[in-house]
2 protein chains.
Amino acid sequence: MAMTIRDIAREAGVSTATVSRALRGLPNVDPVTRERVRQVAERLDYVVSPAASRLASGRAGSIAVITPYIARWYFARVLSGIESVLQASDLDLLLSSVGDPSESNHLPPHRKLRRRVDGFLVISLPTDTPGVGEIFDLDLPVVLIDTDRPGCSSVGIDDVAGSRMAVQHLVNLGHERIGLISGRALPSPFRPEENRIVGYHETLAEAGLAIEPDLEACGHFTIEGGERAMTSLLARPRPPTAVFAMSDEMALGALRSLRSHGLEPGRDVSVVGFDGHEMAEHLDLTTVVQPVEQIGARAARALLDRLDSPTEGPVHVELPLEMVVRGSTAPRRDRS
Amino acid sequence: MAMTIRDIAREAGVSTATVSRALRGLPNVDPVTRERVRQVAERLDYVVSPAASRLASGRAGSIAVITPYIARWYFARVLSGIESVLQASDLDLLLSSVGDPSESNHLPPHRKLRRRVDGFLVISLPTDTPGVGEIFDLDLPVVLIDTDRPGCSSVGIDDVAGSRMAVQHLVNLGHERIGLISGRALPSPFRPEENRIVGYHETLAEAGLAIEPDLEACGHFTIEGGERAMTSLLARPRPPTAVFAMSDEMALGALRSLRSHGLEPGRDVSVVGFDGHEMAEHLDLTTVVQPVEQIGARAARALLDRLDSPTEGPVHVELPLEMVVRGSTAPRRDRS
DNA sequence: TTGTACGCGTTATCAC
DNA sequence: GTGATAACGCGTACAA
């Protein structure tokens, strides 16, 4: 039924070895022979059997992307960036989502991927997550996104710096009671979450402002979580006049909470987000923009490089952040 | 280095054939033998070589998901639904995004996937898209999402009905000039787009309302596109008092346009969206909710069923829609 | 119920 | 530059 390399060899009047070399662009093939083989393969609509090729070569021909989520804004975008790079390579992209490591539905990716990939791209997951830690025992190249580990390549942003930009902006506007909407109660399994909290605390401290647990609330990275968090902050004895939300989605929830309390974002309470969600632009949210798709693309490229030249050492890429100031932040005014 | 089936056979004191049968759960294996083999495999940390297994069995062990986009709200969610089902199977999920078929960056998936998958899941793409049409020549099971084709399984919603729900709602509220924010100028490559337009036209006609090109604008399925479309509609000689946007993201853009013109959604101009985006809830947008993740999950399940029993005929799944009425729609009031 | 032996379609190592 | 040919690791008739 399907063509085999022997069919091509026979038809082109050469050996299977030559067909293999010619089609893969290996050296030591007469240009004329190579072209003839190419023509025949084309004419007979031949494509190599990946299974046979992989068995013989020992390479899996695929890389795995391991992510906690697929549909969430950030992860979908990183994935898209990864795919855009892998598309042009000859590797298959195997997708595996494992859920939040702190949730009960979390399931380890490790077993399913054994012997079927040449490398891993891990998004956000801590390296000691069950099922993820074992990946490093496989002796395959791994590129980490949003976290790092000795001897392992990594791509990400400077979360501490980004968080500092956001909070410093509020400080500069004269705010003295600056709240935080974080993801969950510490310790978080996710590195960016911890680092953004660090940036928040550091900046407050340097500005001579007190760090009060009463200024912090958890928003679980969702819109409604952010809304609840803001509502909770507003209900406290001495509510903040400004808030840094660790993600745009939580910040958008916070905006909504403000409005439903008759408060206007910016004028009454300033809000800064983090991400660069499209919705931020349309809801006039000040935010720290990270180049999400690029994060994925750079990580994928780093992995490809590593597969091409396995002797190279690990690479660490840090992508730049940009603060976009919009109407949700304004100088502090005492509320009447 | 890595264990082979022979190592297990030797260690368990049986033949490789028995190991193969035992590990795959085939019948005609003594329970005691099977258990012993399992133990040995477990102890030696053995996993079959997918390449060898695939070569010998002729099965590719993977399915491909072909989608125009990865990061967009709808597609990311469908993909997530697909992955949740495939996760539990023993098939690999190969991801391939091809871009909008009407854009120049579109690239055909066909070649890259030859011989490496057992079936296809195609999201939204028209079956005559370059590179997609050829898939059907491969004689592999295909499940189509958001479109259909004779002899091929499909999963989706009734876009005409959904569109009718939305527009009828506006008619019932007394609106007579009902605008449409569509994706692009017809003909569209996407079936849902065409069907939603049909539903819009049909409902208008049945209500005895005129169909005016002047009431329609393109929003390209993005927030800002929706905003521009609404702005354009407002600038026309006789602007609509209500608008049906074919996606929530476009509807959200429309809301923003209204506000920036000093108009209040609902009170001044009613807006209905389509999708069930989280943001719709938080911006009080009336919308037609579709079960997006379920669409992906059902499609994946349909494909798995088809792989299990290839003799079964095609299946057609139509998932239910739900209209959620919120504050963005209200009875028509003549503007002062 | 179990074992033997061949075939799956390449790649890679030699010789030539 | 090219051709034989031995792996690669498993599935599966067929025989026992």
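Every chain is numbered from 1 and lettered A, B, ... according to where its sequence line falls, protein lines coming before strand lines.
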Contacts of [X] that satisfy salt bridge (Lys or Arg N to Asp or Glu O under 4.0 Å) - sequence neighbours left out:
X         : result
Glu11(A)  : Arg43(A)
Glu194(A) : none
Asp308(A) : none
Asp30(B)  : none

Q. So which heavy atom on Val40(B) is nearest to which on Ala12(B), and how close?
A. CG2-CB, 3.9 Å
Q: List in chain and number order the residues that pass ring pair (Phe, Tyr, Trp, His ring centres under 6.0 Å) with Tyr69(A), two or more places apart in sequence or in another chain; answer none if no residue qualifies.
A: Phe75(A)
Q. On DNA chain C, which is the earliest and which the latest nucleotide, 5' to 3', with an atom closer than 4.0 Å to a heavy atom of chain B?
A. dT1(C) to dT10(C)
Q. What pairs of residues pass the ring-ring contact (aromatic ring centres under 6.0 Å, His included) test when at least one of them lies in residues 40-64 of chain A, not counting sequence neighbours?
A.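 Residue pairs with at least one partner in residues 40-64 of chain A: there are none.
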Check: [X] side chain, [Y] main-chain N or O, donor-acceptor pair, under 3.5 Å:
X         : Y         : result
Ser309(B) : Arg306(B) : no
Thr18(A)  : Thr16(A)  : no
Ser89(A)  : Leu86(A)  : yes

Identify every side-chain donor-acceptor pair in residues 126-152 of chain A under 3.5 Å, counting partners at least two apart or on other chains, and give the distances.
residue	atom	partner	partner atom	Å
Thr129(A)	OG1	Pro126(A)	O	2.7
Glu134(A)	OE1	Gly131(A)	N	3.1
Asp146(A)	OD1	Tyr74(A)	OH	2.8
Asp146(A)	OD2	Tyr74(A)	OH	2.7
Asp146(A)	OD2	Ser124(A)	OG	2.7
Thr147(A)	OG1	Arg191(A)	NH2	3.2
Asp148(A)	OD1	Arg191(A)	NH1	3.0

Q. Which ones in residues 35-43 of chain A lie close to DNA chain D, meaning a heavy atom under 4.0 Å from one of its atoms?
A. none
Q: Report, as a single string ordered 5' to 3', how protein heavy atoms within less than 4.0 Å touch nucleotides 11-16 of chain D: B base, S sugar-phosphate only, - not at all.
A: SB----
Could you pull out every donor-acceptor pair under 3.5 Å between side chains of residues 312-319 of chain B and any protein atom, sequence neighbours left out?
residue	atom	partner	partner atom	Å
His316(B)	ND1	Ser154(B)	OG	2.8

Q.
Please identify which of these residues, Asp92(B), Leu79(B), Leu94(B), meets the side chain to side chain contact (heavy atoms under 4.5 Å, CB included) condition with Leu95(A).
A.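 Output: one option passes, namely Leu79(B).
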Q) Which part of the nucleic acid, if any, lies within contact of Asp30(A), taking any heavy atom under 4.0 Å across all strands shown: a base, the sugar-phosphate backbone alone, or nothing? A) sugar-phosphate
(Q) Taking the axis from the first five pairs and the axis from the last five, what angle separates them in the helix from dT1(C)-dA16(D) to dC16(C)-dG1(D), rounded to 10 degrees? (A)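 Overall, the helix from dT1(C)-dA16(D) to dC16(C)-dG1(D) bends by 30° from one end axis to the other.
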Over how many whole Å does the gap from [X] atom [atom1] to [N] atom [atom2] extend?
X         : N       : atom1 : atom2 : value
Arg115(A) : dC8(D)  : CZ    : C1'   : 11 Å
Asp7(B)   : dC10(D) : CG    : C1'   : 13 Å
Leu55(A)  : dC8(D)  : CG    : P     : 9 Å

Q) Mapping Thr4(B) and Ser15(A) onto DNA chain D by nearest heavy atom, which one lands closer to the 5' end? A) Ser15(A)
